[in-house]
Amino acid sequence: MIGRNDPCLCGSGKKYKKCCESKEAISIEEVQSEELERILQSFYDEYPERKDLNDFADIVKVWSESLKQYLEHEMIEAIALDEFFFHHKQEIWTSYLDKQQKKVVRPSTLKVIEQWSEPLVYVGEVVEVDDAYMTVNHILTGETIRLRRESDKPVPVGVHVYCFILPDGFAENHYLAVSSLVFFPTDHQDVFKKFIKLFKSQEELTAQEFLKENGIKFWDLLGEDGYGGEEFTNFEAGVLVEAREFLEKNNRDYDKLLEIVEDYLVDQQPNARKEVAIAAGAIRFGQENELFEALNLNVKEIGEAFNVSPSSLNKYYNELNEYYLGWNSKVLI
């Protein structure tokens, strides 16, 4: 047990009574994590500077020429920004880190950012998920890492992720995403198989070199396979469209309902034959849980509106109800 006059375990160099004793509700890990997040966020707030904008625009132009038929311009810019910082103008990042190292006073935080000199591009498959981390396998090397989750939103096993990563400082082989994680719906599994085959067909480049040299090719393969930046599979998107259009047609708000249905679809991966069966069940679920102004429709009438049987409708209504109990308890916590 740590004494009040002992050095604080957070690594600040202060006595425990002068540091974390008064923060009983906040763990040392949370304090350090928040500090690291601030360092990352301030980088994106400050850069690129005006003098770098023309060079950045040149990178965006190159990526847009290949990807504009598939992705929104905002998404292309976001992808190109990390490419610009970490593959083309890495001196911007290293210069920023040098400045931060002079400002940081917490030794444990300083120790982490000393490992941050080279963010690595990462493409992997999620193989396990817990409350704080995802276990992810690199698609080219097979290396397994623990990647910190950015939110409580469900992450299904089997999806692929793309990001630049840095050590998070809490354990060996534990990482965080430098910017946003991009999740790819399971509709695009063949793309990753093709990309792995391309990598294995050559012997000159390491996995990191290959990802750097073939970044546009990777996203181009996704675009050719129908990826347009969406986070849901075609089936999941179909369910959401059916439910949303029904509520729009009846002049009802759909935001509260769809938030729950989105999580249910991703988390539970229901094995339905028809999108409309889940959508119909969702309408009954939303009506009975007062997630929109009641339509006063009975089960038979909802089923007729979607051309599904009451039994199919009720199956997913019951599943959503059960899921909602757990979902609601997480929100309250």
Side-chain angles (χ1 to χ4, degrees), residues 59 62-72 75-76 78-88 90 118-130 133-150 154-168 172-237 266 269:
I59 299 296
V62 171
W63 281 67
S64 293
E65 286 174 354
S66 293
L67 304 179
K68 62 185 178 183
Q69 58 185 315
Y70 309 124
L71 303 176
E72 296 290 337
M75 186 170 187
I76 295 173
I79 298 167
L81 185 61
D82 284 347
E83 285 286 329
F84 174 71
F85 285 141
F86 308 128
H87 282 164
H88 295 273
Q90 196 169 357
E118 189 176 0
L120 301 176
V121 63
Y122 190 91
V123 182
E125 181 182 358
V126 177
V127 296
E128 188 178 337
V129 182
D130 59 35
Y133 288 88
M134 301 172 286
T135 301
V136 188
N137 287 346
H138 196 294
I139 64 167
L140 302 185
T141 67
E143 176 192 7
T144 298
I145 68 168
R146 298 275 284 159
L147 186 59
R148 190 189 301 173
R149 295 177 63 181
E150 295 185 336
V155 178
V157 169
V159 298
H160 286 78
V161 298
Y162 171 94
C163 60
F164 280 79
I165 61 171
L166 291 168
D168 75 356
E172 185 179 356
N173 220 30
H174 282 52
Y175 294 86
L176 54 78
V178 180
S179 54
S180 295
L181 280 164
V182 180
F183 290 91
F184 303 105
T186 52
D187 292 340
H188 306 292
Q189 299 285 2
D190 286 346
V191 170
F192 301 96
K193 294 176 183 177
K194 288 180 183 178
F195 199 66
I196 293 168
K197 187 175 181 180
L198 282 175
F199 173 66
K200 290 182 176 179
S201 70
Q202 59 85 51
E203 298 178 351
E204 301 81 23
L205 302 176
T206 66
Q208 273 301 309
E209 291 168 342
F210 185 80
L211 284 168
K212 179 178 179 179
E213 294 297 320
N214 292 277
I216 292 179
K217 178 64 176 177
F218 169 73
W219 288 95
D220 196 48
L221 286 172
L222 282 163
E224 290 174 357
D225 195 56
Y227 177 74
E230 64 280 348
E231 58 182 306
F232 300 107
T233 65
N234 291 334
F235 183 86
E236 291 163 353
V266 173
Q269 297 285 291

query = Can you check ring pair (Phe, Tyr, Trp, His ring centres under 6.0 Å) on Phe195 and Phe210, steps first, answer last?
reply = CA-CA 10 Å; Phe195 199 66; Phe210 185 80; 5.2 Å; yes
Glu72 atom CD, neighbour heavy-atom count above 12 within 6.0 Å = no
query = Do other residues, nucleotides or ligands put more than 12 heavy atoms under 6.0 Å from Glu172 CD?
reply =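 Open.
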May I ask you to test the [X]-[Y] pair for a side-chain heavy-atom distance under 4.5 Å?
| X | Y | answer |
| --- | --- | --- |
| Trp219 | Trp63 | yes |
| Tyr70 | Glu224 | yes |
| Leu211 | His138 | yes |
| His87 | Ile59 | no |
| Lys212 | Leu205 | no |
| Leu198 | Leu221 | yes |

key: Arg146 to Asp130 - nearest heavy-atom pair and separation   = NH2-OD2, 2.6 Å
Mark yes or no for whether [X], through its side chain, and [Y], through its backbone, hold a donor-acceptor pair below 3.5 Å.
| X | Y | answer |
| --- | --- | --- |
| Gln202 | Phe199 | yes |
| Asn173 | Thr144 | yes |
| Gln189 | Gly158 | yes |
| Tyr162 | Ile79 | no |
| Asp225 | Val191 | no |
| Gln208 | Val121 | yes |

key: Distance, nearest 0.5 Å, that separates CD1 of Ile165 from NE2 of His174   = 12.5 Å
task = Any chance you could measure Leu71, atom CG, to Glu230, atom CD, to the nearest 0.5 Å?
result =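 Spacing of CG (Leu71) from CD (Glu230) equals 9.0 Å.
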task = Indicate the ring-plane relationship of Phe184 and Tyr227, choosing parallel, tilted or perpendicular according to the 30° and 60° boundaries.
result =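 The rings of Phe184 and Tyr227 stand perpendicular, inter-plane angle above 60°.
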